Amino acid sequence: MKTNLFIAVILLLLSGCSAKEEGLDITQNIDYCVDKAKSAAQTLDAPDKYPRNIPDGETNWKTKGVRDWTSGFWPGILWYAYEASGDEEIKKQAEKFTQPIELIAHSSAQNHDIGFMVYCSFGNGYRLTGNEAYKQIIIDAADTLATLFNPKVGTILSWPRNKQYQHNTIMDNMMNLELLFWASKNGGEKELYDIAEKHAETCMTTLIRPDFSSYHVAIFDTLTWQFVKGVTHQGYADDSQWARGQAWGIYGYAMCARETGRTDFLETSQKLADVFNSRLPEDVIPFWDFDDPAIPNTSKDASAAAVAACGMLQIAELTNDEATKEKYKNAALALIENLSSEKYLSGDANQAFLLHSTGHHPKGSEIDVPIIYADYYYLEALLKLKKMEELN
Ligand code: GLY
């Protein structure tokens, strides 16, 4: 009996060590997310209403319908929470909120965010359960997204219902390529891979500026299909650096490097990350746009920090050079540590994990509030970090 207890204590200590980074208790932070997701799920009983943000002074998620671009993040959080806990109640909730998103795979493409919607929900669900019905829905969703590809431009059209721009492609769209790569490797058409690769190539020479800062949107002429100009729709100005746009680029190119093995994609991700890291404020959580002249009297964007952290962990996993690995892992760790501080954690204040994200500042929308995708990528970053620690 005594021996068993002794072994249990040693195992506990060892597991604690592997999930701890200096100043950051990864396991404790994952548990915090699991507990909060489980208790929020108890108050969200309509499966087609998806948490999106928590307005200032409120405590509960404001929801949107299944067609909102953010619908996949809540089921994605539940799948991650199930992965971390093995809790069957959470799995039931994840299934409940995943199923209505099938509609997105099987209707015409109304936006480019089908990857966010379907891959975060069904993608994680398939990864964790092997449910064959999910697999077909993911492949169908990839086919639907591919209908927005314009071979003359070499990109997937973003915002198909927006008449403000000609053919346009936004940096956020890099994230949706994961759905195409996955489908092409799991029973879908090979063409899906080619579309994703071509899209990433075209964005490298249009959305990314020579100094490896980036535009939000690349505009293409609809007669010649040539690149016309870059604009920064959700940022401060066309030549400014919108923080989340840069973060989508870091993550998007690191993911493309993983899927294709291309070193130019990995180098692009690293250079985008270098720019991002070189412009961070003292607490390393970026302001919503690095060039807002109101800094420091403007809002932060915790979501950009969480997305960038996931991207930098991916860079660290892909690179063979030990110094480079350490550099990006440490940069990611700094972001995660600061997000895990009292200043950024919601604690008991509301249903979210994190405070202080900014959605669309120029529109005056979702400024300095909890937003669902910040929570999704924060939990993803914690889980990635835990897996990396366990492998070491
Ligand atoms: N995809 C929209 C955003 O990042 O706000």
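Heavy atoms only: backbone and side chains are in, while hydrogens, waters and symmetry mates are out. The model shown is predicted, which means the values in this text are computed figures rather than measured ones. Both ligands and their constituent atoms are indexed starting at 1 by order of listing. Sequence positions, counted from 1, serve as the residue numbers for this chain.
Below 30°, between 30° and 60°, or above 60°: for Trp242 and His216 the angle between ring planes is between 30° and 60°, a tilted geometry. Under the 30°/60° scheme for interplanar angles, the aromatic rings of Phe73 and Tyr377 are found to stand perpendicular.
For Tyr215, there are no ring-ring contact (aromatic ring centres under 6.0 Å, His included) partners, not counting sequence neighbours.
Listed by first and then second residue, the ring-ring contact (aromatic ring centres under 6.0 Å, His included) pairs that reach into residues 313-351 are Tyr344-His356, sequence neighbours excluded.
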List below, pair by pair, the N or O atoms of ligand 1 and of the protein that are less than 3.5 Å apart, including the distance to 0.1 Å; reply 'none' if no pair qualifies.
unit_1: ligand 1; atom_1: 1 (N); unit_2: Asp172; atom_2: OD2; d: 2.6
unit_1: ligand 1; atom_1: 4 (O); unit_2: Asp172; atom_2: OD2; d: 3.3
unit_1: ligand 1; atom_1: 4 (O); unit_2: Arg244; atom_2: NE; d: 2.9
unit_1: ligand 1; atom_1: 4 (O); unit_2: Arg244; atom_2: NH2; d: 3.3
unit_1: ligand 1; atom_1: 4 (O); unit_2: Trp248; atom_2: NE1; d: 2.9
unit_1: ligand 1; atom_1: 5 (O); unit_2: Gln234; atom_2: NE2; d: 2.9
unit_1: ligand 1; atom_1: 5 (O); unit_2: Arg244; atom_2: NH2; d: 2.5

Review item, side-chain donor-acceptor pairs of residues 110-119, under 3.5 Å, at least two apart:
unit_1: Asn111; atom_1: OD1; unit_2: Asp113; atom_2: N; d: 2.6
unit_1: His112; atom_1: ND1; unit_2: Trp159; atom_2: N; d: 3.2
unit_1: Asp113; atom_1: OD1; unit_2: Asn176; atom_2: ND2; d: 3.3

Between Glu95 and Tyr134, does a side-chain contact (heavy atoms from CB on, under 4.5 Å) hold up when you go through it step by step? CA-CA 10 Å; Glu95 288 169 338; Tyr134 284 10; 3.6 Å; yes
